[in-house]
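Here the structure is a predicted model, which means the values were calculated and not measured. Numbering of ligands and ligand atoms starts at 1, following listing order. Residue numbers start at 1 and run along the sequence shown.
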Amino acid sequence: MNHSAHPSVKTTSTYPESRKALFPTYGPPEEAFTRGEGCYLFKEGESEGYLDFFAGIAVNALGHSHPELVSVLQEQAGKLWHVSNALRVPQGEELAQRLAGIAGLDRVFFGNSGTEAVECGLKMMRRFHFDHGRPERDRIIGVNHAFHGRTHGGICAAGNPEHTKGFIGKDERFDHVAFNDLPALEAAITDHTAGIIIETVQGEGGIFPARTDYLKSVRELCDKHGILLMLDEVQCGVGRTGKFFAFEHYGVQPDVVASAKGLGGGYPVGACIASKAVSDSMVIGTHGSTYGGGPMAMAVASKVVDIIDDAEFMAHVTTSSDMLNKGLNDLVTQFPDILKEVRGMGLMIGIECIPAGANGEILKLARTHNLLITKAGCNTLRLLPPLIIGEKEILEALAKLKTSLVEYQAQMNSA
Ligand SMILES: *Cc1c(COP(=O)(O)O)cnc(C)c1O
């Protein structure tokens, strides 16, 4: 048998020996941290921390080892871990009411991840039309450069060829159009369309917020054609943009919302939130999740929501965002050959770079200065700091980023 890889398959020969029993799907990651505290991560035996400005990709919304989350987790761990959905989980009943209330919706299905929340919404949008005598309405429209996670449904909805290649069939009943392009969307709607899925602020694609006029018009189009609007707020939700849900900035009411990442603050949890009318279709036996909505996740997520769903906390996110954005825009002015623009909302920030691959090089340099940032599509540096950052962390991040840019510029000039 010939085991040589297809030329298009990336080699895994750079994988360290320590990872030989893990699927080579990531990376390969280079560093291991053993402790986290607030906005910092620490390596074994090192006292100088790394400033964490991507927070597990928007997951550690309250930073690392937040004392209130640690205590609620420890307390719950000593009482009850898991019971299955055959029994009641009172914390989940309460959390569902709160989340639905914040979202302007009625009901929640809890899962364990973002892609599970997305999956539930995709299934539900089809089932809703099926139940209303329109079984032909089974197509869902997604937008280009989207990301909805890695299940079959998630990769189909996003339609990114790098993620779908070799995994899906010819027509999985999804259509794709350009993002922020209303005429393109309108043209794609047919008698077979069940719903539309959009990230309110695109994350992986490069930090692109939906335009306000666009999202408002998408809602109108949905109403006109009797189709459903689902917003994926897995990355941009839970206070990240300065409101609990990013769509609150737009004055647009979705029918379905997917939430996860920051919702558990580091404990796995996902939530699909929907109107009564739409979730009426998810009757007994239509869907489920063994771990979903378990006592541990519900206890932690309830505490996260307690802390973040608070006007003062949201004002802090906005103030921090203003300060960070001002500093980043100054860097764009100081490094016009390297940085093109700053985009985003709240503490979900993208800085588009100019030289090809500059985002990867700059984030490596930043790491040598103990600043952890990540990247996204469109040659973008991505900043997703914990929402608890203060002035000290912002100034430190800006100084470290500036040092990294000076070094990158010197590399460019000597090349
Ligand atoms: C991360 C992400 C997902 C997938 O979440 P997982 O928890 O990795 O399954 C889905 N949608 C968006 C917008 C995301 O950023």
Side-chain angles (χ1 to χ4, degrees), residues 23 25-27 29 54-61 103 109-125 140 142-160 162-164 167 174 176 179-180 195-210 215 229-241 244-247 254 256-273 289 291-294 297 300-301 304 343-350 374-378 380 382-385 387:
F23 276 25
T25 43
Y26 302 111
F54 74 91
I57 317 188
V59 165
N60 304 97
F109 178 87
F110 288 112
N112 311 286
S113 65
T115 201
E116 240 188 293
V118 166
E119 196 72 33
C120 175
L122 297 173
K123 283 175 69 176
M124 179 168 55
M125 291 201 286
I140 290 167
V143 300
N144 297 340
H145 303 293
F147 183 75
H148 302 298
R150 301 300 198 128
T151 55
H152 261 90
I155 62 174
C156 287
N160 178 347
E162 282 181 37
H163 297 171
T164 56
F167 291 127
F174 285 85
H176 297 95
F179 182 44
N180 272 331
I196 296 169
I197 178 168
I198 295 172
E199 286 160 89
T200 317
V201 182
Q202 286 195 335
E204 306 297 314
I207 313 293
F208 291 99
L215 210 56
L229 175 60
M230 172 169 178
L231 295 179
D232 182 345
E233 293 238 354
V234 170
Q235 191 164 150
C236 64
V238 197
R240 177 66 37 199
T241 66
F244 195 91
F245 290 113
F247 67 77
V256 184
V257 179
S259 179
K261 289 202 166 105
L263 185 58
Y267 197 91
V269 60
C272 181
I273 314 166
S289 168
Y291 275 120
V300 177
V304 170
R343 285 190 294 266
M345 225 188 240
L347 290 175
M348 182 171 182
I349 302 175
T374 188
K375 55 185 183 174
C378 289
T380 299
R382 182 164 40 152
L383 271 50
L384 301 160
L387 306 181

Of all the heavy-atom pairs spanning M125 and G195, show the shortest one and how long it is. SD-CA, 4.0 Å

Could you tell me whether a side-chain N or O of E233 sits under 3.5 Å from a main-chain N or O of T200, the two making a donor and an acceptor? no

Name every donor-acceptor pair, under 3.5 Å, that has one atom in a side chain of residues 261-272 and the other anywhere in the protein, sequence neighbours excluded.
none

Might you list the protein residues in contact with ligand 1, defined as having a heavy atom under 4.0 Å from one of its atoms, sorted by chain and number? S113, G114, T115, F147, H148, G149, E199, D232, V234, Q235, K261

Taking every non-hydrogen atom, the tightest pair across I273 and S259: CD1-CB, 4.5 Å

Among residues at least two apart in sequence or on other chains, which ones pass side-chain hydrogen bond (donor to acceptor under 3.5 Å, both in side chains) with E199? none

Report the residues that fulfil side-chain hydrogen bond (donor to acceptor under 3.5 Å, both in side chains) with N160, sequence neighbours left out, ordered by chain and then residue number. none

